[in-house]
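Structure first, commentary second.
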Amino acid sequence: MTPDDPLLKILVCPIDKGPLSLLLPDDVLYNPRLRRRYPIIDTIPQLLPSSGEQVTESEHEAILRRLPPDERPSDEP
């Protein structure tokens, strides 16, 4: 999956139905609102709620620094 993949525009988090951010080179989709990441295995996003993994506070902060400002939650700096 690449950042310009049209599929990214329609994929949403299975829990809150909000948009996801692609994190490369990790090959994961990230929901900064719920602090959950979903793996991409063999180019297939694993978007079942049980596939998601909660990230720690320090991981979340590191991920936010990698995201463009328009992809960060509004309550984050």
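Numbers here are sequence positions counted from 1. Values below: every heavy atom of this structure, side chains too, minus hydrogens, waters and symmetry copies.
- Leu34 and Tyr30 fall into different hydrophobic clusters, where Ile, Leu, Val, Met, Phe, Trp and Tyr are joined by side-chain heavy atoms under 4.5 Å apart, directly or via other members.
- Connection of Val55 to Val28 is established within a shared hydrophobic cluster, with ILVMFWY side chains joined at heavy-atom distances below 4.5 Å, either directly or through further cluster members.
- Of all heavy-atom pairs between Leu24 and Pro3, the closest is CD1-CD, 3.6 Å.
- Between the side chain of Arg36 and the main chain of Pro49, a donor-acceptor pair closer than 3.5 Å is present.
- Cluster membership for Tyr38 and Leu22, using ILVMFWY side-chain heavy atoms within less than 4.5 angstrom, is shared.
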Might you work through the side-chain contact (heavy atoms from CB on, under 4.5 Å) test for Leu67 and Leu23, ending with a clear yes or no? CA-CA 8 Å; Leu67 292 179; Leu23 299 179; 3.7 Å; yes
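- Taking the side chain as every heavy atom from C-beta outward, Pro32 and Leu64 approach each other to under 4.5 Å.
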Side-chain donor-acceptor pairs under 3.5 Å in residues 6-13, sequence neighbours left out?
none

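- With sequence neighbours left out, Arg37 forms a salt bridge (charged side-chain N to carboxylate O under 4.0 Å, His left out) with Glu53, Glu59.
- For Asp4, the side chain to side chain donor-acceptor pair (under 3.5 Å) test picks out Thr2, with sequence neighbours left out.
- Under a 4.5 Å side-chain heavy-atom cut-off, the cluster of Ile, Leu, Val, Met, Phe, Trp and Tyr residues that includes Ile41 has no other member.
- Applying the side chain to side chain donor-acceptor pair (under 3.5 Å) test to residues at least two apart or on different chains, the pairs with a partner in residues 13-29 are Asp16-Asn31, Asp16-Arg33, Ser21-Glu71, Asp26-Arg66.
- Judged by distance alone, with hydrogens and angles left aside, the side-chain atoms of Arg35 form no donor-acceptor pair with the main-chain N or O of Gln54 at under 3.5 Å.
- Annotation: side chain to side chain donor-acceptor pair (under 3.5 Å) contacts of Ser58 (sequence neighbours excluded): Thr56.
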